[in-house]
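Order of the sequence lines sets the chain letters (A, B, ...), proteins ahead of strands, with each chain counted from 1.
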Amino acid sequence: MRAAARTAPALPSSSASAADSADIASRPTLQRYARSLPSLETPAKTRQIENEARTDARFPMKIVTRFAPSPTGFLHIGGARTALFNWLYARHVGGVFRLRIEDTDRARSTPEATQAILDGLKWLGLDWDGETVFQFSRAARHAEVAHAMLAKGHAYYAYETPEVLQRMREAQKAAGKSIRYEGPWRERDAKDAPPGVKPVIRLKAPTAGETVVEDLVQGTVRVANEQLDDMVLLRADGTPTYMLSVVVDDHDMDVTDIIRGDDHLTNAFRQSQIYKAMGWEIPRFAHIPLIHGADGAKLSKRHGALGVAEYRKMGFLPAAMRNYLLRLGWGHGDVDIISTEDAVKLFEIADIGRSPSRFDLAKLTNMNGHYIRAADDAALAAAAEPFIAEKLDRALTPAQRERLGRGMAGLKQRAKTLVELADAALFYCRERPIPVADKARALLDGAGREHVGALAAAFGALGDWNEAALEAAMRDQIERRGAKMGDVAQPLRAALTGQTQSPGLFEVMAALGRDEALGRLADAAK
RNA sequence: GCCCCCAUCGUCUAGUGGCCCAGGACGCCUGCCUCUCACGUAGGUAACAGGGGUUCGAAUCCCCUUGGGGGCGCCA
């Protein structure tokens, strides 16, 4: 039946590498499916047999997932997670992950939003296979399918205007009835059509029985067909509705597994009716619970939902973001820290949870700290540099960049975001004389300044400028002066960094380098 | 209003009938480490929504209630 579907206009093909890996995907994947299916009852078995059939050499079974956002705003956290899950699953089974921009709503779609989504996915490191499909460009094919359904008797013309429909809905609401289309055109002949009204094409949906969706996350979900009405497939202006477009595109793109938000669960019923009407194979559905805000309310643009770009600006690392999003609704035992590499190995749809979760910035921040600490020093310095340059309002000099690189090991223990890291790193990137904070200045009065002066002399006499030598010299001075480490260390820190908090002193001096460190001490001892 | 989904610490979750007077992580509190701040480390706080069943035995299975969420467009 897949073959029959090949009448579609050419779609951009998937990447060659993905096609090459198709055979590896077949066997183990089947077993995984058996596990990930909600029950071992008849439907599951039937589905497994269908999968067997598709291992036919001409149409090797290949998993195809997709992410299909509509470009009406930025890529928010929920969309990002949906994309991540689709991406992970495709990579896990050696399948294909595709991107489709659902821009059929011409009034609300913008190129800026499309760009924001693309940028967000790239930043998150979710690469997709093949070319991006723009749904609007396929409108003619959607209309073609609507007319094919008309020809098969699975659809009909309906002549109500939007205003009439609106009144019908209001009447139903007032009468306490469920809101469904119950117009006369399902049975009436088109020749009775009122003049001047452009018709829509509606699906002739079954009125008896029930529609069942075998959802990989929610299990078997069924609804009585009398609850579902005859939805519009093609608008009066000849453009397709979402419900039609998704089905046609998913079919034409050979999508086998649809992982998407819970809010689409009821759509799945209607969509499977379209699949059935066209005689197309129904893909597997996995409806994942939505992410809510910290207060439990739906995450929306005006309710704490930020675009992925905002998290980037707040100094979160893509790897941390992926890990956090992964743990929102998916788990592998009780492990929290899971690298993307491991996630690709472990990700199973069967392990997706069924209950909604809340977005917790504190936990994301903690995870980000973990990834910062684990990051490579040079890579981290490069990632932090734009944040530092922005705070300084200038680019770093080569010398400052070197100090930053040498100081990174200590810096990264103390930061949970790149913004914090940049703040903490600022003193390495200042030129003498460095600005001194009030609290630090207070430490450089009287006794403090004397300590610094004595220390400067001792350090200046050192042959080797390294942490061990500096520490030995300092301990020696402390002993001679009959002081305590605590009394001497803070003034020294103030002189070196202009702050009261910093990485370890010897590390700071080593990273600063002899000339810079001694210079700063001299500045403070003046 | 009708339909669908969900329900373990404040949050993310482990748990698929006995190993659980419920484990981990974040947060919060306390101690230790210590030149500051962190990191690390030792501990503490805190949950099976309620009610009925089934069973020798229920966080786990069933039903009801309550609560939360989603959908019901010529939006996607």
message: Nearest whole Å is fine: how far is rC6(B) C1' from Ile352(A) CD1?
response: 15 Å
query: Is the charged tip of Arg138(A) near the ring of Phe136(A): under 6.0 Å from the six-membered ring centre and within 45° of its axis?
result: no
All N/O pairs under 3.5 Å across the protein-nucleotides 2-4 of chain B interface:
unit_1 : atom_1 : unit_2    : atom_2 : d
rC2(B) : O2'    : Gln227(A) : OE1    : 3.1
rC3(B) : O4'    : Gln227(A) : OE1    : 3.4

message: From C-beta outward on Arg493(A), which listed nucleotide comes closest to its side chain: rC5(B), rC35(B), rA38(B)?
response: rC35(B)
Complementary nucleotide of rG43(B), counting Watson-Crick and G-U pairs under 3.5 Å: rC29(B)
message: Is the phosphate of rU13(B) approached by Arg354(A) (side-chain N or O, under 4.0 Å from OP1 or OP2)?
response: no
Distance test, side-chain N/O of Ser502(A) to OP1/OP2 of rU36(B), below 4.0 Å: no
query: Do Arg260(A)'s NZ or CZ and the ring of Phe285(A) fall within the cation-pi criteria of under 6.0 Å and 45°?
result: no
Proximal nucleotide (of rC35(B), rC26(B), rC74(B)) relative to the Met485(A) side chain: rC35(B)
- request: Remember a base hit wins even if backbone is also touched, and classify Thr500(A) as base, sugar-phosphate or nothing at under 4.0 Å, heavy atoms.
  value: base
task: Return the nearest nucleotide to the side chain of Gln218(A); candidates are rC6(B), rG23(B), rG40(B).
output: rC6(B)
task: In whole angstrom, give the distance that lies between atom CZ of Arg270(A) and atom P of rC75(B).
output: 14 Å
field: Any Lys416(A) side-chain nitrogen or oxygen under 4.0 Å from OP1 or OP2 of rC39(B)
entry: yes
task: Over 60° means perpendicular and under 30° means parallel, so classify the ring planes of Phe347(A) and Phe85(A), tilted if in between.
output: tilted
query: rC4(B) and rC48(B): how far apart are their C1' atoms, nearest whole angstrom?
result: 25 Å
query: CZ of Arg480(A): more than 12 outside heavy atoms within 6.0 angstrom?
result: no
- prompt: For rA58(B), which nucleotide in any strand shown is its Watson-Crick or wobble partner with both distances under 3.5 Å?
  reply: none
task: Under a 3.5 Å limit for both distances, which nucleotide forms a Watson-Crick or G-U wobble pair with rU16(B), could you say?
output: none
query: Taking atom C1' of rG24(B) as reference, at what distance in whole Å does atom CE of Met367(A) sit?
result: 12 Å
query: If you check the Gln490(A) side chain, which of rA76(B), rU36(B), rC26(B) turns out closest?
result: rU36(B)
Separation between CZ of Phe316(A) and CG of Leu418(A), rounded to the nearest 0.5 Å: 9.5 Å
- prompt: According to the Watson-Crick and G-U wobble definitions, with both distances under 3.5 Å, which nucleotide is paired to rC35(B)?
  reply: none
message: rC74(B), OP1 or OP2 - any side-chain N/O from Arg202(A) closer than 4.0 Å?
response: yes
- prompt: Which of these nucleotides, rC74(B), rA38(B), rC75(B), is closest to any side-chain atom of Arg414(A)?
  reply: rA38(B)
task: Could you tell me whether Asp230(A) and Lys204(A) make a salt bridge, using a distance below 4.0 angstrom between a side-chain N and a carboxylate O?
output: no
query: Can you tell me if CG on Asp438(A) sees more than 12 non-hydrogen neighbours from other groups inside 6.0 Å?
result: no
- request: Report yes if a side-chain nitrogen or oxygen of Arg106(A) is closer than 4.0 Å to either non-bridging phosphate oxygen (OP1 or OP2) of rC75(B); otherwise report no.
  value: no
- request: Please determine, for the side chain of Pro162(A), which listed nucleotide (rG69(B), rC74(B), rC35(B)) has the closest atom?
  value: rC74(B)
- line: Of the listed rA38(B), rA76(B), rC74(B), the closest approach to the Gln413(A) side chain comes from rA38(B)
query: At under 4.0 Å, does any side-chain N or O of Asn366(A) touch on OP1 or OP2 of rG27(B)?
result: yes
query: CD1 of Ile478(A) versus C1' of rC35(B): gap in Å, rounded?
result: 8 Å
message: Quick one, Arg100(A) with Asp250(A), criterion salt bridge (charged side-chain N to carboxylate O under 4.0 Å, His left out). Give me CA distance, side-chain angles, the key distance, then yes/no.
response: CA-CA 9 Å; Arg100(A) 181 173 72 231; Asp250(A) 281 335; 2.8 Å; yes
N/O contacts under 3.5 Å, protein versus nucleotides 10-12 of chain B?
unit_1  : atom_1 : unit_2    : atom_2 : d
rC12(B) : OP1    : Arg358(A) : N      : 2.9
rC12(B) : O2'    : Arg327(A) : O      : 2.9
rC12(B) : O2     : Lys363(A) : NZ     : 3.4

task: If a pair satisfies side chain to side chain donor-acceptor pair (under 3.5 Å) and one of its residues is in residues 495-511 of chain A, list it, with sequence neighbours excluded.
output: Arg493(A)-Ser502(A)
query: With both distances kept under 3.5 Å, what pairs with rU66(B), Watson-Crick or G-U wobble?
result: rA7(B)
